[in-house]
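Reminder, nothing fancy here: chain letters follow the sequence lines and each chain counts from 1.
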There are 2 protein chains.
Amino acid sequence: MISKKTKYTIHALVHLAKHKDSGPIQIKTIAETENIPKKFLEAILIDLRNKGYVASQKGRNGGYYINRDLKEMNFADIIRMFDGPIGMLPCVTYLYYEPCEECEDEETCAVRKIFKDVRDESVKILKAANLAEVIKTEKSLSRKKKK
Amino acid sequence: MISKKTKYTIHALVHLAKHKDSGPIQIKTIAETENIPKKFLEAILIDLRNKGYVASQKGRNGGYYINRDLKEMNFADIIRMFDGPIGMLPCVTYLYYEPCEECEDEETCAVRKIFKDVRDESVKILKAANLAEVIKTEKSLSRKKKK
DNA sequence: ATTTTGCCTATTGATTCGATAGGATAAATT
DNA sequence: AATTTATCCTATCGAATCAATAGGCAAAAT
Ligand code: FES
Ligand code: FES
């Protein structure tokens, strides 16, 4: 399971992406419409800002907004930001790689092979899920339901 | 990442599967050849025994052995045993399902759609990875390397 | 000047993780 | 029968992580 922090992050970013052209959006607004604890969300957004994912406007009528291309922000990177690696074993991660104490030879380790396959498939899907794509999907799901 | 407990469990079961016809295998042997803390492994094996995955023989020359068909033991079930759900969100798990506070309508939630895809692919691969299959894979990887 | 909003530090309680200690019980060997 | 070799069981440990909140400072608009 991903952490609540990451889940909140994803929902906040999708919210910001949806209202990209409505000027800065306040923490309070996001917290209320997405049902996220306000103070927790605050900490997340500050963090996202320091990392350069979002920008902020202080003072009255302030808030947050996305200043990047939506296509550049995908779920794989968002998950890695707070939860670390996506691969389920240290030997199948890229950025967090560590060899396995239990295994003599990584190349012939069948356990590794399985988890490598899982990781590769997962990363593929999560990379494709950028914010622009997610919004598109949401619209298409809504259309489908109305019919 | 899966827990060390689950990682140890997988390696222990693969070890037992490899030596299925050599009689009971002792904790000490597994712990040493697989580099698993002995006492930790002990707790795991007792647990596996109580759940019926393995059987044991007490006293001198005792140890553990698998009494099921290897095809019936797959990675998906093993992971679920100690680490719980494979899906990354409560709304995409089967046995541990919980609705998301953040989302109004599950059917039109694009976030859920992504994570559902990841879960389905992962489970597919992990279900296919039963102990018999893993041993086969290991042999084939070794052959490939020798060439 | 006042209000509104983001920014920052610090702390908290709960839970989980990984690992170990110490002894009871059972079976085979001597 | 005594001894050795295993598993079995209970209990506990420190460290780390998770989720959430408190309280005040800084900046910008009215
Ligand atoms: S090398 Fe990582 S599980 Fe074998
Ligand atoms: S329903 Fe679970 S993320 Fe939307």
Pick the closest DNA chain C nucleotide for B/N61 and for A/N61 by heavy atoms, then say which residue is nearer the 5' end.
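Looking at DNA chain C, the more 5' nearest nucleotide goes with A/N61.
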
Measure from [atom1] on [X] to [atom2] on [N] and round the result to the nearest Å.
X     : N      : atom1 : atom2 : result
A/Y64 : C/dT5  : OH    : C1'   : 9 Å
B/I36 : C/dA19 : CD1   : C1'   : 13 Å
B/L41 : D/dC8  : CG    : P     : 12 Å
A/I2  : D/dA19 : CD1   : C1'   : 14 Å
B/I46 : C/dT25 : CD1   : P     : 14 Å
B/I44 : C/dT20 : CD1   : P     : 12 Å
A/E42 : C/dC8  : CD    : C1'   : 9 Å
B/N50 : D/dC9  : CG    : C1'   : 10 Å

Look at the side chain of [X] and decide which nucleotide, out of [options], has an atom nearest to it.
X     : options                : value
A/K58 : D/dA27, C/dT29, D/dA20 : D/dA27
A/K39 : D/dC9, C/dA28, D/dA22  : D/dA22
B/F40 : D/dC9, D/dA19, C/dT20  : C/dT20
A/Y8  : D/dC9, D/dA20, C/dC8   : D/dA20
B/Q57 : C/dA27, C/dG18, D/dC8  : C/dA27
B/R60 : C/dA19, C/dT5, C/dA28  : C/dA28
A/P37 : D/dC8, C/dC7, D/dA20   : D/dA20

Hey, does B/F82 reach any base, or is it just sugar-phosphate, or nothing, if we go heavy atoms under 4.0 Å?
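No contact.
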
Once you apply a heavy-atom cut-off of 4.0 Å, does A/I27 come out as touching a base, just sugar-phosphate, or nothing?
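It contacts sugar-phosphate atoms only.
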
Measuring to OP1 and OP2 of C/dT5, would you say a side-chain N or O of A/S56 lies under 4.0 angstrom away?
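For A/S56, the contact criterion (side-chain N or O under 4.0 Å from OP1 or OP2 of C/dT5) is not met.
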
Establish, with yes or no, whether the OP1 or OP2 oxygen of D/dT7 is under 4.0 angstrom from a side-chain nitrogen or oxygen of B/R49.
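B/R49 to D/dT7 OP1/OP2: no side-chain N or O under 4.0 Å.
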
With a 3.5 Å cut-off and no angle check, do the side chains of B/D47 and B/N50 form a donor-acceptor pair?
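On atom types as modelled, these side chains do not qualify, holding no pair under 3.5 Å.
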
Side chains of B/T6 and B/T9: do they bring a donor and an acceptor to under 3.5 Å?
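Not at all, the side chains of B/T6 and B/T9 share no donor-acceptor pair under 3.5 Å.
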
Does any N or O in the side chain of B/S142 come within less than 3.5 Å of the main-chain N or O of B/E138, such that one atom is a donor and the other an acceptor?
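Yes, B/S142 side chain to B/E138 backbone: donor-acceptor pair under 3.5 Å.
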
Pair B/E34, B/H15 - check side-chain hydrogen bond (donor to acceptor under 3.5 Å, both in side chains), show working.
CA-CA 8 Å; B/E34 307 287 336; B/H15 183 107; 2.8 Å; yes

Closest non-hydrogen atom pair between A/L41 and A/I27, with its separation
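Heavy-atom minimum between the residues: CD2-O, 3.8 Å.
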
Of B/N74, B/I78, B/I79, the residue whose pairing with B/L126 passes side chain to side chain contact (heavy atoms under 4.5 Å, CB included):
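Considering B/N74, B/I78, B/I79, a side chain to side chain contact (heavy atoms under 4.5 Å, CB included) with B/L126 is found only for B/I79.
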
Let me spell it out: for each of A/K4 and B/I25, pick the nucleotide of DNA chain D with the closest heavy atom. Which residue's pick is nearer the 5' end?
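Closer to the 5' end of DNA chain D: B/I25.
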
